[in-house]
Amino acid sequence: MQTSIDLPSPLGIVQTSSITSTGKILGPDYETNLKSAAKRSEEDKLFRKQNQMNDNDEFEAMEVQNGDQTSLIYYYKALKMDEELQQNENEIINIVQNRPKLGMIEGSLMKKSPHWFQGYSQRNCILRNRVFRYYNIENKKLQGVLNFDVQSFQLQEIQDKNGNTVEFILKPLGQTQKVFQFKGGTLEQTKTWVQLIKQHLQDSIGSLKVLKSLSSYERFWRFERISSLQIMEDADDGDILLFQGKDINCHIQRSLTQSSFDHIGILIRLNENQLYLFEALPLHGVGLCRWSKFVMCKWNYLYHKIIYRKLQVIRDENFKSKIHEFVTENIGKQYSFNPTKLLKFKSTMLQDPQQQQTRTFFSSELVAACYKFLNLLSKEISSTQYWPGSFSSENQKLSLQYGSLSEEYLIDFEGE
């Protein structure tokens, strides 16, 4: 089925303001480009969903008349009407904007082993942003991560005969017998941890909704995960998303590049701190996709998995100004992937304004070019030599000139 895609009001175009998150006042041309970039990114995902209609129970089509042309738009059934989509998107934004920044605590706790003969082992523990992590005290390796926004937990207190809490247990809801039992070195220390854990639990998505799916996975606590809402809260300019698509072309690309990923994009905050995905798309070129809309339209179903990596750098005004400049200058550039690019090993400076204007990108080339513009990557190597997998933890050779990329976080969309 081959039909044209138009993006009328049912999905809406991003409403922009004339002030970026750096406080710069921008003219009408910027607003027009931003709207066009958002439209390109959304059109690409709708087009891909149109040609991937195996899950008919979840999506349905709607004809939209545009002049003499009839277009088919595919909607997730629960979000067909524009008002409902906007309402759900606003609810997500409100949750994120109204959640307070909770206190963070780090210290040593004794963790009870699941094996009775091993007793207790000392662990370094950190509670931050509704995530409880514990590490091996000697080699510093992560031993477990309990994300309250991804999985619902029940807090149980073990008390002595005087009513003092001496230990606490975090029990995941669902089909698992696994429990996480800890105690502090003193009663006061245990009490402090319990009080803060209660705050983080009460303010988590896992307390608003019963989330049990994660507990069905074997040793789920061994792997870092992050919810799509936490992305909206914590992501910042320059962080990256790695995608593993479902299309046959995605499988072919991953086989040829011997990587787990076939697409990559950069996260950036624009328009009063709203989070966008900045990406180069085969059908529609370089565009922007608002993350809240990505979540509500359930475009994650286009991919087997999406991975988040945080760019760990100091983001001063110069950094933010430069990355916003790169985005502004390259919105609307065309997509191009060809053998000639792959044979280009060294960077060349584009002095001619016309050459800069007609420059094209594929997804990982765009990310590499952006990182080079920020002086994160060497300018000696051509941006065309980077694949999506070049930015994954699989590639041990990737070396940033300053800062670093965090470990990989699998994004969980189950809670939304």
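As the structure is a prediction and not an experimental result, all values here were calculated from the model.
Legend: residues meeting salt bridge (charged side-chain N to carboxylate O under 4.0 Å, His left out) with Arg254, ordered by chain and number and at least two apart, are Asp262. A search for side chain to side chain donor-acceptor pair (under 3.5 Å) contacts involving Asp239 returns Tyr308, Lys310, Arg315, not counting sequence neighbours. For Phe278, the ring-ring contact (aromatic ring centres under 6.0 Å, His included) criterion is met by no residue, not counting sequence neighbours. Under the rule for a side chain to side chain contact (heavy atoms under 4.5 Å, CB included), the partners of Arg128 that lie at least two apart in sequence or sit in another chain are Met104, Ile126. Gln202 meets the side chain to side chain donor-acceptor pair (under 3.5 Å) test with no other residue; sequence neighbours excluded. Taking the side chain to side chain donor-acceptor pair (under 3.5 Å) definition, one finds that His304 meets it with nothing, sequence neighbours left out. With sequence neighbours excluded, the residues forming a ring-ring contact (aromatic ring centres under 6.0 Å, His included) with Phe326 are Phe373, listed by chain and number. Listed by chain and number, the residues in a side chain to side chain contact (heavy atoms under 4.5 Å, CB included) with Ser363 are His263, Ile264, Pro388 (sequence neighbours excluded). Scored by the side chain to side chain contact (heavy atoms under 4.5 Å, CB included) test, Lys191 finds Glu188, Gln195 as partners (sequence neighbours excluded). By the side chain to side chain contact (heavy atoms under 4.5 Å, CB included) test, Leu398 is found to be paired with Leu377, Tyr386, Phe391, Asn395, Leu405, residues two or more places apart in sequence or in another chain being considered.
The stretch residues 392-411 participates, sequence neighbours left out, in no salt bridge (Lys or Arg N to Asp or Glu O under 4.0 Å) pair at all.
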Below 3.5 Å, can you tabulate the donor-acceptor pairs from side chains in residues 168-183 to any protein atom, sequence neighbours excluded?
from   : atom 1 : to     : atom 2 : distance (Å)
Thr176 : OG1    : Lys178 : N      : 3.1
Gln181 : NE2    : Glu167 : OE1    : 2.5

